[in-house]
Visitor: 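One structure coming up, written as structure tokens, with questions to follow.
Residue indices begin at 1 and follow the sequence shown. Order of appearance sets the numbers: ligands from 1, and atoms from 1 within every ligand.
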Amino acid sequence: MYSNIMDLGEKIALLAGAAKYDASCASSGSSGRGTGFGLAEPAGICHSWTEDGRCVSLLKVLYSNSCRFDCAYCVNRASADTRRTSFTVDELVELTCQFYRRNYIEGLFLSSGIFADPDIVMEKLIETAKKLRTEAGYGGYIHLKIIPGTGEKLIRRAGLWADRLSANIELPTDRSLQALAPQKSGKVILGAMEEVAETEAQFEKDRRQIRFLPQGKTSVPVFAPAGQSTQLIVGASEEDDRQIISLSGALYRKFSLRRVYYSAFIPPGLPGRGGIPDPRLPDIPGPPLVREHRLYQADWLLRFYHFRPEEILDQSAPFLDPHLDPKTAWALKNLGQFPLEINTVDYEALLRVPGIGAKSARRILEVRRSRTLSFDSLRRLGVVLKRAKYFITLSGSSMDRPDDPRRIRRFLSDSDGAGLQLPLFEF
Ligand code: SF4
């Protein structure tokens with residue numbers, strides 16, 4: 001009995017460690033806080049944010065770290081010299097329930113290496129989720145990874161038990177997939193996303209129709225109510241930010257994705273990363289974290305500020321500015337469209353002003369109905385005047401508007417070039 005517990009502990013350490021590089025559930029990466037009591041990461045607990053900004057803890061593990069595929073960027077690839085193990089369905093169900101009952105976690109993120117035919121692997125993930133729901137009475141959040149190559153039927157079944165599904169696109173082009181993950185195919189991955197999107201739409205349609213039936217006659221099961229997400233690795237292949245943002249824009253449009261997660265490529269061999277370098281990978285000193293952060297900000301422009309990918313980057317400037325957030329960079333490139341008169345412009349125009357977020361734009365419209373706004377009232381409404389003041393007027397007067405865009409750029413640049421302290425919201 002005791003040795004079984006020890007075995008399970010080892011499995012958790014191994015299979016949680018092997019899962020931590022998947023960003024598609026937005027792990028906060030709870031590492032690096034010293035050693036000792038209370039560390040969450042070795043037990044596979046990570047933090048993730050819901051759509052409304054709430055932080056939730058997830059048990060993030062692989063079913064198995066054995067894999068037939070040989071993706072160059074992955075610590076679990078077939079050619080990696082690493083210890084292999086797998087959970088059983090019952091072990092995972094028991095573990096999730098125990099962690100959940102003790103309030104360690106609010107949900108499960110379950111992925112797996114491809115240790116057998118993709119359908120067989122996917123069956124294991126589905127069986128775990130189904131057993132949690134039907135036998136263990138588990139009502140927490142479940143995020144299941146769609147194993148590349150899974151058939152349509154199984155994708156549809158997975159969505160009946162999971163809150164969220166994700167198929168990782170991993171790299172922005174087929175060419176890069178061929179070079180770094182030769183067993184994967186963009187067509188197959190996009191096909192899985194399409195299947196999820198179509199099934200979601202079908203269930204939604206059925207649910208709308210069912211509203212007109214007599215009450216209690218029948219019901220439509222829910223399919224992946226938290227939608228689907230994906231992960232893109234940044235910096236392992238040669239594509240520029242323009243290609244990445246265009247791809248994200250297309251994925252949001254075509255497959256109604258809830259989120260694209262960007263994961264800075266961590267070169268193997270770095271402390272804490274493990275794995276040996278692979279000649280297929282670029283030799284970079286460290287993960288491109290600034291680039292990852294700027295891509296998240298650009299992604300925010302797509303999802304909440306109604307920018308089109310081609311407005312953010314074009315062929316003449318295919319990379320995001322490391323020193324400026326992308327909204328400010330866009331505003332400086334389009335200075336002719338400013339200043340905007342805050343007391344009269346519409347919502348869409350307000351969203352284009354650096355320092356005005358969706359929430360403050362809505363508040364401006366609301367307050368403006370009853371009174372004329374002042375700079376002080378803008379501050380109270382949550383506008384970051386430090387950024388906005390160069391782009392706005394209030395009843396014709398401006399707070400500060402240097403004629404030279406280079407001066408504005410200097411004032412708004414992140415001096416260290418990182419910008420990592422900038423909030424992701426309301427920029
Ligand atoms: S399929 Fe590729 S990324 Fe996924 S576990 Fe296997 S080697 Fe890693």
Side-chain angles (χ1 to χ4, degrees), residues 11-27 44 46 60-87 92 109-126 128 143-151 154-155 158 165-193 228-237 260-270 273-282 287:
K11 277 187 190 182
I12 297 168
L14 207 61
L15 294 170
K20 70 182 176 189
Y21 301 106
D22 194 319
S24 60
C25 73
S27 161
C46 75
K60 183 176 177 181
V61 284
L62 298 186
Y63 183 88
S64 171
N65 69 342
S66 296
C67 195
R68 295 172 168 184
F69 284 20
D70 202 45
C71 309
Y73 46 81
C74 179
V75 288
N76 308 311
R77 66 182 187 271
S79 62
D81 179 19
T82 186
R83 283 174 68 203
R84 311 281 176 174
T85 188
S86 302
F87 282 118
L92 264 176
F109 170 90
L110 183 58
S111 180
S112 183
I114 307 172
F115 57 85
D117 179 87
D119 276 354
I120 294 175
V121 182
M122 195 71 219
E123 287 271 13
K124 292 290 178 196
L125 307 194
I126 296 171
T128 306
H143 178 157
L144 290 187
K145 181 68 53 194
I146 298 174
I147 301 302
T150 298
L154 285 184
I155 293 177
L165 297 172
S166 59
N168 280 356
I169 187 93
E170 307 284 28
L171 296 164
T173 59
D174 251 330
R175 195 160 145 233
S176 292
L177 274 178
Q178 274 302 308
L180 300 183
Q183 291 101 337
K184 286 186 177 168
S185 128
K187 202 171 154 205
V188 169
I189 297 164
L190 295 177
M193 289 182 188
Q228 59 171 329
S229 60
T230 192
Q231 167 183 256
L232 257 167
I233 300 168
V234 178
S237 53
V260 176
Y261 291 98
Y262 305 92
S263 177
F265 163 61
I266 308 172
L270 282 189
R273 166 67 160 88
I276 46 164
D278 185 301
R280 294 172 288 175
L281 293 170

Visitor: Roughly how far apart are I169 CD1 and L177 CG, rounded to 0.5 Å?
Guide: 7.0 Å

Visitor: For atom 8 (Fe) of ligand 1, does an N/O/S atom of C71 lie at less than 2.8 Å?
Guide: no

Visitor: Among all protein heavy atoms, pick out the one at the shortest distance from atom 8 (Fe) of ligand 1; state its residue, atom name and that distance to 0.1 Å.
Guide: C74 SG, 2.3 Å

Visitor: Atoms of ligand 1 less than 4.0 Å from I114 heavy atoms?
Guide: 1 (S)

Visitor: Only heavy atoms of K184, strictly under 4.0 Å: list the atoms of ligand 1 that pass.
Guide: 1 (S), 2 (Fe), 3 (S), 4 (Fe)

Visitor: Taking atom NZ of K184 as the centre, report whether more than 12 heavy atoms of other residues, nucleotides or ligands fall under 6.0 Å from it.
Guide: yes

Visitor: Are any of the side-chain heavy atoms of D119 and T150 separated by less than 4.5 Å?
Guide: yes

Visitor: For the side chain to side chain donor-acceptor pair (under 3.5 Å) test, which of Q231, Q228, H143 pairs with S166?
Guide: H143

Visitor: Drop me the distance from Y63's OH to I147's CD1, to the nearest 0.5 angstrom.
Guide: 11.5 Å

Visitor: Which atoms from ligand 1 have a heavy atom of C67 less than 4.0 Å away?
Guide: 1 (S), 5 (S), 6 (Fe), 7 (S)

